[in-house]
Amino acid sequence: MIKLENVSKVFKGDVVALREANCDINKGEFVFLVGPSGSGKSTMIRLLNKQEEPSTGAIYVAGKHIGQLNSWKVPYLRRNIGCVFQDYKLLSNKTVYENVAFALEVIGRPRHVVKTQVPAILELVGLSKKHKNYPDELSGGEQQRVSIARAFVNRPLILLADEPTGNLDPATSVGIMRLLDRINRTGTTVVMATHDRSIVDTMRRRVIELDRGSIIRDQARGVYE
Amino acid sequence: MIKLENVSKVFKGDVVALREANCDINKGEFVFLVGPSGSGKSTMIRLLNKQEEPSTGAIYVAGKHIGQLNSWKVPYLRRNIGCVFQDYKLLSNKTVYENVAFALEVIGRPRHVVKTQVPAILELVGLSKKHKNYPDELSGGEQQRVSIARAFVNRPLILLADEPTGNLDPATSVGIMRLLDRINRTGTTVVMATHDRSIVDTMRRRVIELDRGSIIRDQARGVYE
Amino acid sequence: MAINGNYVLRETTANLTRNITLTVASVLTVFVSLAILGSTVLVRQGAQNATRQFEGGVEFIVYVDADITPSELAAVKASLEDNPGVLRAPYVDAEATYKEFRRLFKGQETMLENVRKGDLPTSFRVEPKDKSVESVQELVAYYQKRPNVYYVSAATEVIREMKAITTFFNNGLSVFAVFLLVASALLILNTIRTAMFARRREIEVMKLVGATNWFIRIPFMLEGLIQGLIGGVLAVGFVFLAKGWLDDLLNRSKGLNLLQNFSIESSDVTLACLVVVGVAITLSVVSSALATRRFLDV
Amino acid sequence: MAINGNYVLRETTANLTRNITLTVASVLTVFVSLAILGSTVLVRQGAQNATRQFEGGVEFIVYVDADITPSELAAVKASLEDNPGVLRAPYVDAEATYKEFRRLFKGQETMLENVRKGDLPTSFRVEPKDKSVESVQELVAYYQKRPNVYYVSAATEVIREMKAITTFFNNGLSVFAVFLLVASALLILNTIRTAMFARRREIEVMKLVGATNWFIRIPFMLEGLIQGLIGGVLAVGFVFLAKGWLDDLLNRSKGLNLLQNFSIESSDVTLACLVVVGVAITLSVVSSALATRRFLDV
Ligand SMILES: Nc1ncnc2c1ncn2[C@@H]1O[C@H](COP(=O)(O)OP(=O)(O)OP(=O)(O)O)[C@@H](O)[C@H]1O
Ligand SMILES: Nc1ncnc2c1ncn2[C@@H]1O[C@H](COP(=O)(O)OP(=O)(O)OP(=O)(O)O)[C@@H](O)[C@H]1O
Ligand SMILES: [Mg+2]
Ligand SMILES: [Mg+2]
């Protein structure tokens with residue numbers, strides 16, 4: 001499903017965010033990306049989404065070399081990839097409902113689909129009561145859950161989640177992890193960057209550990225450290 | 001130093017973010033605010049900073065009833081309160097150095113003070129190498145550390161920190177907690193909202209637990225739960 | 001990808017009302033610049049109507065008798081063509097003369113009914129080599145006395161001055177119009193860029209959830225087009241107002257040499273309106289297209 | 001709170017250059033509106049100069065002999081005041097006449113040197129009750145023949161038309177100027193609001209780290225003032241250009257009745273410039289002050 005071949009990402013000022021990364025993620029896998037702050041987790045996720053271009057190397061997503069994709073095809077690639085951003089990226093002038101519905105409208109889903117899907121997913125993340133609120137009227141954790149709802153509402157093939165529990169208390173985190181697990185069981189490939197040791201240790205899924213841009217561990221049923 | 005008397009905060013739509021809160025925090029104390037997502041931690045911090053007004057009740061900071069403060073005095077109040085925001089609130093068009101320096105320029109500190117203080121504090125949070133980067137060129141954890149540096153650079157009387165370790169890996173979190181501890185030892189009152197069980201359990205400081213807006217526990221050398 | 005009409009409508013309205021001062025400022029500037037442009041066209045047309053007979057280098061007109069014979073006409077023609085002082089002297093035949101007569105007396109039905117094509121004297125439009133007042137006067141006096149010449153009409157001092165004045169006002173107005181058109185283009189460009197800038201996070205998110213560029217662009221382009229059109233329609237209204245004022249002024253100044261031939265016809269108003277609307281549309285489409293090219297590369 | 005000059009300079013420059021299209025559009029619109037305003041002032045002054053003698057209801061002027069005796073003068077005065085057809089007839093004495101003469105012939109030194117105060121005929125400016133052409137002509141003819149009357153000068157048809165035309169152009173230009181001033185004010189307002197809007201997060205953060213409102217506001221207000229001033233200075237330049245063009249036009253149209261008295265003096269240019277600069281400053285200060293009132297309540 002996802003394949004990195006010798007992928008490096010060097011930012012200006014010679015910051016090597018990713019160094020010669022190689023990995024192969026199959027359809028339906030659940031992968032944790034771990035590593036200290038600044039080790040390149042978000043960079044790797046942004047590369048999969050074509051938010052950034054790799055400096056060298058090739059990335060294949062769903063069998064396509066995304067570096068060679070025509071620019072007008074990029075939107076169609078992204079429709080298959082749901083993404084929970086580390087900084088949420090909610091639209092401050094849209095309500096919770098509209099933020100989630102937006103992801104469906106943008107890809108041209110008919111209105112009746114929007115009307116049934118959105119409330120269902122909001123129920124799932126526990127925000128039914130807040131559907132009329134604007135993002136800045138939500139707590140940090142609530143915003144994070146809206147972001148998860150939006151990423152998953154159009155049932156993507158791949159779900160990328162960048163620290164989806166960073167601002168959640170342990171109990172809510174467990175709830176979100178159950179949700180991601182359920183999503184994964186429906187066949188969606190999940191890649192999740194996280195710092196939360198207890199989650200990684202409990203779930204026992206594949207763990208890829210980064211350190212200063214290099215993959216230093218790729219373990220099938222791994223723990224945080 | 002900080003005193004809440006029957007403070008409630010009701011948002012539109014009858015969302016009670018804080019309900020009849022009473023507490024008294026002395027100079028030099030270190031207080032953890034804990035509670036599930038949406039329980040009112042950020043709201044309490046925003047009230048202390050006069051970012052929000054309480055619906056009822058009185059708040060005293062440094063002996064002053066801040067609800068009765070003249071609006072032109074508010075800036076001077078805020079100069080005594082450093083704040084690490086849950087969403088960092090960095091200026092995207094300023095570099096790391098400028099973001100931190102800004103907090104000093106705004107309050108009219110002379111240039112030589114800026115030139116010595118800023119590098120020192122950046123060294124402290126481990127970002128000396130990134131001082132020329134812009135916020136969107138930083139990882140989530142690095143941005144959080146810039147926010148901490150800015151909050152503390154002018155040595156405020158009070159430091160409010162809203163989940164300062166939410167996006168940090170365990171090792172970096174420990175480093176940040178040591179820093180906050182050191183800041184606290186210099187006499188600064190620290191109020192920190194967090195979800196990180198291990199940090200609260202290790203530090204054993206005063207813990208105020210919120211649940212759906214009410215203070216349900218106020219324990220001198222408490223644990224997370 | 002199907003673009004939802006409802007979505008486009010909603011977004012465009014939101015854009016237009018979000019920053020109402022900027023929208024109003026843009027529309028106003030577009031309006032004023034197009035109004036000035038329209039006025040310029042009107043003044044230019046009016047002046048052209050007044051001085052059409054004396055266009056180019058034509059300095060005087062030799063009218064020949066209506067009942068002139070072909071050979072007599074040939075003699076006059078030869079005398080003009082052989083004159084070393086004459087540069088060009090094209091002949092305006094009965095057909096063309098009658099056409100111009102109809103134009104000048106449009107609306108005055110009795111006049112039109114009673115005059116037939118043959119009744120009107122045909123003429124030569126003479127462009128002399130030397131256009132100084134003295135040499136023109138000499139030529140005029142000479143042809144005045146030639147046989148079969150009915151009347152010689154010279155471009156008077158007044159017409160020359162009128163040309164100078166209208167040129168002056170035309171230039172002045174054109175300068176204003178050009179500056180204002182640039183300002184308008186910049187403003188429409190800018191309103192849209194500001195709208196896009198204000199929504200750059202939204203655009204970024206749209207792109208990240210898989211929106212195509214056109215999906216994002218269309219509401220913004222429509223916004224620009226609507227601004228341009230509102231400004232244009234207002235300017236068209238102004239052109240009609242201006243036509244009214246000018247007619248009024250012309251009525252009040254009957255007997256004043258300077259303006260006696262100055263007239264604005266409805267075809268001129270139509271021309272002015274077409275120019276205004278054409279510029280409005282071009283302006284807004286081009287500005288919008290330019291403006292929406294940015295902010296789209298995420 | 002001490003405001004750091006360096007900081008203010010840096011921020012203002014950043015604001016002005018951040019959104020360069022909007023800055024250019026604002027400056028252009030301010031420039032064009034002020035240029036039109038300036039031109040309006042010039043045309044108005046020129047027309048006033050040309051028709052000053054016939055201001056108010058004055059329809060004709062009775063010049064009396066220069067060597068008139070006081071008793072003869074009193075007789076003329078009485079005949080005017082007793083005439084039921086005359087509404088008012090103020091006397092312009094030697095002093096005032098000489099002043100006006102000096103005004104009209106400014107620059108023509110030989111003229112000024114050779115004429116002394118006593119040489120000029122003094123006059124009565126007569127405003128008749130009935131201003132119809134016939135009754136005025138009757139009065140003119142009557143006084144023309146009175147003893148000690150040197151000459152009677154009547155407001156001609158040309159002057160009336162001239163007033164009509166200048167009024168027309170004045171109105172047209174004023175309409176444009178007003179629309180454009182509104183657009184300019186909106187634009188300056190808007191440029192600043194856009195600048196503040198674009199930086200609303202920055203402003204919020206500034207407030208949260210303890211910046212005072214004035215600290216935040218001053219760079220933005222300066223931005224508006226600078227835009228207004230640049231527009232104003234350009235417009236002043238244009239006023240001088242326009243003065244040049246008008247002089248040129250007047251030279252070329254010597255002998256044309258309509259414009260012979262039309263003159264623009266340097267005091268008129270000064271007036272136009274003062275108006276332009278005054279409006280520029282008022283406009284930008286008021287707009288900036290209004291614009292910066294928002295976004296400041298965090
Ligand atoms: N646009 C950029 N320009 C320059 N450097 C960048 C840019 N984006 C990221 N970096 C750097 O690349 C490194 C990796 O960043 P990345 O965001 O991938 O870290 P991360 O593993 O997600 O960290 P965190 O856990 O703190 O979010 C960091 O040192 C960061 O400063
Ligand atoms: N401006 C607002 N308008 C309406 N409701 C609000 C507003 N701000 C906060 N709330 C609501 O108040 C409640 C408390 O929010 P708060 O941000 O204090 O929670 P929190 O304890 O910080 O949560 P988290 O750990 O997720 O950050 C939440 O339910 C939130 O939706
Ligand atoms: Mg990250
Ligand atoms: Mg919070």
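All values below come from the heavy atoms of this structure, side chains included, with hydrogens, waters and symmetry mates left out. Reminder, nothing fancy here: chain letters follow the sequence lines and each chain counts from 1.
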Residue-level interface, residues 162-173 of chain B with chain A, non-hydrogen cut-off under 4.5 Å
B:E163, B:G166, B:N167, B:L168, B:D169, B:P170, B:T172
Part of residues 120-136 of chain B lying next to chain A, heavy-atom separation under 4.5 Å
B:K130
So does B:R204 have more than 12 non-hydrogen atoms from other groups sitting under 6.0 Å from CZ?
yes
Examine whether an atom of B:E225 lies under 4.5 Å from a heavy atom of chain A, and if so say whether it belongs to the side chain, the backbone or both; otherwise answer neither.
neither
Give the interface residues of residues 35-44 of chain A toward chain B, defined by a heavy-atom separation under 4.5 Å.
A:G35, A:P36, A:S37, A:G38
Measure A:Q144 against the heavy atoms of chain B and call it side chain, backbone, both or neither at under 4.5 Å.
neither
Only counting residues at least two apart or in another chain, list the ones meeting side chain to side chain donor-acceptor pair (under 3.5 Å) with A:T56.
none
Could you look at A:Y88 and say if it's the side chain, the backbone, both or neither that has a heavy atom under 4.5 Å from chain B?
neither
Is it true that atom NZ of B:K94 has more than 12 heavy atoms of other residues, nucleotides or ligands lying nearer than 6.0 Å?
yes
Heavy-atom count check: over 12 atoms from other residues, nucleotides or ligands less than 6.0 Å from B:R217 CZ?
yes
A:V34 portion near chain B, given a 4.5 angstrom heavy-atom threshold
neither
